[in-house]
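Order of the sequence lines fixes the chain letters, A, B, ..., with proteins taken first and strands second; residue numbering starts at 1 for each chain.
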There are 2 protein chains.
Amino acid sequence: MTDDGTTTVLVVDDDPQVVRALRICLNAHGYRVLTASDGAAALRAADQGPDVVVLDLGLPDLDGVDVITGLRRVTTAPIVVLSARLDSADKVRALDAGADDYVTKPFGVDEFLARLRAAVRRSTRRPAEVAEPPVRAASFTVDLTAKKIHRDGVEVHLTPTEWGLLEALVRAGGEVLSPQRLLTQVWGPTYASATHYLRVYLVQLRRKLEPDPAHPRHLLTEPGRGYRFQP
Amino acid sequence: MTDDGTTTVLVVDDDPQVVRALRICLNAHGYRVLTASDGAAALRAADQGPDVVVLDLGLPDLDGVDVITGLRRVTTAPIVVLSARLDSADKVRALDAGADDYVTKPFGVDEFLARLRAAVRRSTRRPAEVAEPPVRAASFTVDLTAKKIHRDGVEVHLTPTEWGLLEALVRAGGEVLSPQRLLTQVWGPTYASATHYLRVYLVQLRRKLEPDPAHPRHLLTEPGRGYRFQP
DNA sequence: CCGGACCTTTACGCGGTCTTGACGGCCGCC
DNA sequence: GGCGGCCGTCAAGACCGCGTAAAGGTCCGG
């Protein structure tokens, strides 16, 4: 949302008629509108930080699901999918890929606007209700919602698995987590006895986060019981 | 929560698609999942003691509010309501009936998981607060929940086996425990006759905890009957 | 097709912990 | 007084958990 409170909508559709109609309609209701006519342009436009994306499936250049996953890498803005298809399989695929709502054409303007409002409301309300403040340790900070680590002011890159492990430890808030618990949570129940992974990844994390990896101050091992995060 | 720390979620929804998606998603995040497709089944499944219930309103057999009140009679586990309705009146009624949170469909997976964690966290914090107070002896204190020993203000390190033995003795609260009893409890039923272990570890414990290990005042042996903890 | 990021797996050294055996004192019993 | 069972003590060796490095292996994007 821009600082004056205006909500920006990115409309992605290859039919100029539809784009024009939506632009007029949305402008009339006080939205700022960006447009893109194909998937590539949509991904570029997403850099401008829209608050919500209206996406037509069936673009000329890219598959719909690919566009969604591509957008998800760039932005967390809600995605409302437009589609002529009634098939519920498409719907599930789109939602699984990261879409937030799905409207089948033809649709009523009122319903469309209501869903748009709902999508925006959900996304802007979320940080207020479930936002968790960054957790601070002496040598680094962990931002659980932004999924970012900072150390001495610079961002530290973690691989997905490393992040999963750190997240589990941090969320436990200082409690000791048994190896079984950590493994099922990070690798899945199948790996409940693969204690070796833990050692390997604990080393990685300590190397990236601890000032002195050999004598950890925050990622501690409780011999015989598991691991613990010390804030 | 099961003994390995896994959290069990009861998912109640009449749409098999949704149930399936949630099951996969929750399993992937280390939860154990139970399911029910209508209100009656939900009430039955609640007997298995889930740690949290995810409840879709709009079930075929019972009204949503009735399901919530019914569940509340059986379990104190937090209830997270799913609903397609945006109406805030429904939300208020559900929350008033005993639900803990309310998520409107469609919802983001991250948000859902965050709310689930929040609900579980709220409900499991309580036992942590009712933690049993440390047991005091003249020369040391035992904190059974933190698994820590202090002597003259400094923490004493115990090995897992030492801790297991001490814990068994302390929890008996002054009663005499037979060697068989102690051995099966600490080492397992296979070791019920390995009385030698007891002697070895009693020595260790006394050396670490007693002011005069040769004349113990708290870890006493009752000749011919077993051992006893004297607070 | 290549290179890189990431995950998985193997190997090894170290230190703490457990197990085991030996020994000596204490006590009741033969 | 000798003897055997029970208990305490010590120390050596086996064993296991943990940390660490590094070699495959897989997948994806250029």
Side-chain angles (χ1 to χ4, degrees), chain A residues 39-40 43 62-63 65-66 69-70 72-74 147 149 155-166 169 176-183 186-188 190-228, chain B residues 28 147 156-166 169 176-180 182-183 185-188 190-210 212-228:
Chain A
L43 295 178
L62 292 175
D63 179 62
V65 171
D66 293 340
T69 56
R72 270 286 160 267
R73 264 195 282 279
V74 186
K147 302 206 173 207
I149 314 287
E155 186 176 339
V156 178
H157 171 73
L158 295 188
T159 73
T161 309
E162 287 165 359
W163 173 261
L165 182 55
L166 181 64
L169 286 167
V176 181
L177 291 178
S178 70
Q180 289 70 25
R181 184 84 193 274
L182 282 170
L183 286 162
V186 179
W187 279 268
T190 330
Y191 294 73
S193 56
T195 59
H196 194 86
Y197 286 6
L198 281 181
R199 284 180 239 129
V200 174
Y201 276 88
L202 253 300
V203 169
Q204 316 257 69
L205 280 178
R206 295 206 252 244
R207 195 153 39 203
K208 288 185 177 182
L209 300 177
E210 293 277 0
D212 180 3
H215 304 96
R217 295 170 51 197
H218 304 109
L219 300 168
L220 307 179
T221 128
E222 298 283 330
R225 306 207 284 131
Y227 294 89
R228 180 167 70 83
Chain B
K147 303 208 172 202
V156 179
H157 173 73
L158 295 189
T159 74
T161 310
E162 287 165 359
W163 173 260
L165 182 55
L166 180 65
L169 286 167
V176 183
L177 290 177
S178 71
Q180 288 70 25
L182 282 170
L183 285 162
Q185 198 158 335
V186 179
W187 279 268
T190 332
Y191 294 73
S193 56
T195 60
H196 188 69
Y197 286 4
L198 281 182
R199 283 181 237 124
V200 173
Y201 276 90
L202 255 301
V203 169
Q204 316 258 70
L205 280 179
R206 296 206 252 244
R207 192 152 43 201
K208 288 185 177 182
L209 300 177
E210 294 277 1
D212 179 4
H215 304 95
R217 295 170 51 196
H218 304 108
L219 300 168
L220 308 179
T221 127
E222 298 284 330
R225 306 203 288 130
Y227 295 88
R228 179 167 71 84

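- D:dT20 atom P lies 15 Å from atom NZ of A:Lys208, rounded to whole Å.
- Using a 4.0 Å heavy-atom criterion, one finds that B:Ala194 contacts no nucleic acid atom at all.
- Counting only heavy atoms from C-beta outward, the side chains of A:Leu202 and A:Thr221 never approach each other to under 4.5 Å.
- Atom-to-atom distance recorded for A:Ile149:CD1 and A:Lys147:NZ is 11.0 Å, nearest 0.5 angstrom.
- Residue B:His157 is classed as a sugar-phosphate contact, given heavy-atom separations below 4.0 Å to backbone atoms only.
- Listed nucleotides C:dC18, C:dT20, D:dC7 differ in distance to B:Thr221; the shortest reach to its side chain belongs to D:dC7.
- Using bins of under 30°, 30° to 60° and over 60° for the plane-to-plane angle, the ring pair A:Trp187/A:Tyr201 lands in the perpendicular bin.
- For D:dT20, neither phosphate oxygen OP1 nor OP2 lies less than 4.0 angstrom from any side-chain nitrogen or oxygen of A:Arg199.
- When rounded to the nearest whole Å, the span between CG of B:Leu220 and C1' of D:dG8 equals 15 Å.
- Atom-to-atom, OH of A:Tyr191 to P of C:dC7 comes out at 12 Å; the value is rounded to the nearest Å.
- Between B:Leu166 and B:Leu219 there is a side-chain heavy-atom pair separated by less than 4.5 Å.
- For B:Leu205 and D:dC10, the CG to P distance is 15 Å, given to the nearest whole Å.
- Close to C:dC7, at under 4.0 Å from its OP1 or OP2, lies a side-chain N or O of A:Thr159.
- Atom CG in B:Leu219 sits about 12 Å away from atom P in D:dT9, given to the nearest Å.
- Of the candidates C:dC18, D:dG19, C:dT9, C:dC18 carries the atom nearest the B:Thr161 side chain, counting heavy atoms from C-beta on.
- Residue B:Tyr197 places at least one side-chain N or O closer than 4.0 Å to OP1 or OP2 of C:dT20.
- Proximity note for A:His196 (side chain, C-beta onward) versus C:dC7, D:dT20, D:dG8: the nearest is D:dT20.
- Side-chain nitrogen and oxygen atoms of B:Trp187 include at least one within less than 4.0 Å of the OP1 or OP2 phosphate oxygen of C:dT19.
- Side-chain proximity of B:Pro160 to the nucleotides C:dT8, C:dC18, D:dG8 is greatest for C:dC18.
- Taking atom CD on B:Gln204 and atom C1' on C:dT20, their separation rounds to 13 Å, with Å as the unit.
- Considering only side-chain N and O atoms, B:Arg207 lies under 4.0 angstrom from the phosphate OP1 or OP2 of D:dC10.
- Rounded to whole angstrom, the span from the CG atom of A:Leu202 across to the C1' atom of C:dC7 amounts to 16 Å.
- When side chains are defined from C-beta on, A:Tyr191 does not count as touching A:His196, because their heavy atoms never get closer than 4.5 Å.
- Picking from D:dC18, C:dT8, D:dC7 the nucleotide with the shortest atom distance to the side chain of A:Tyr227 gives D:dC18.
- Atom OH of B:Tyr201 and atom C1' of D:dT9 are 15 Å apart (whole Å).
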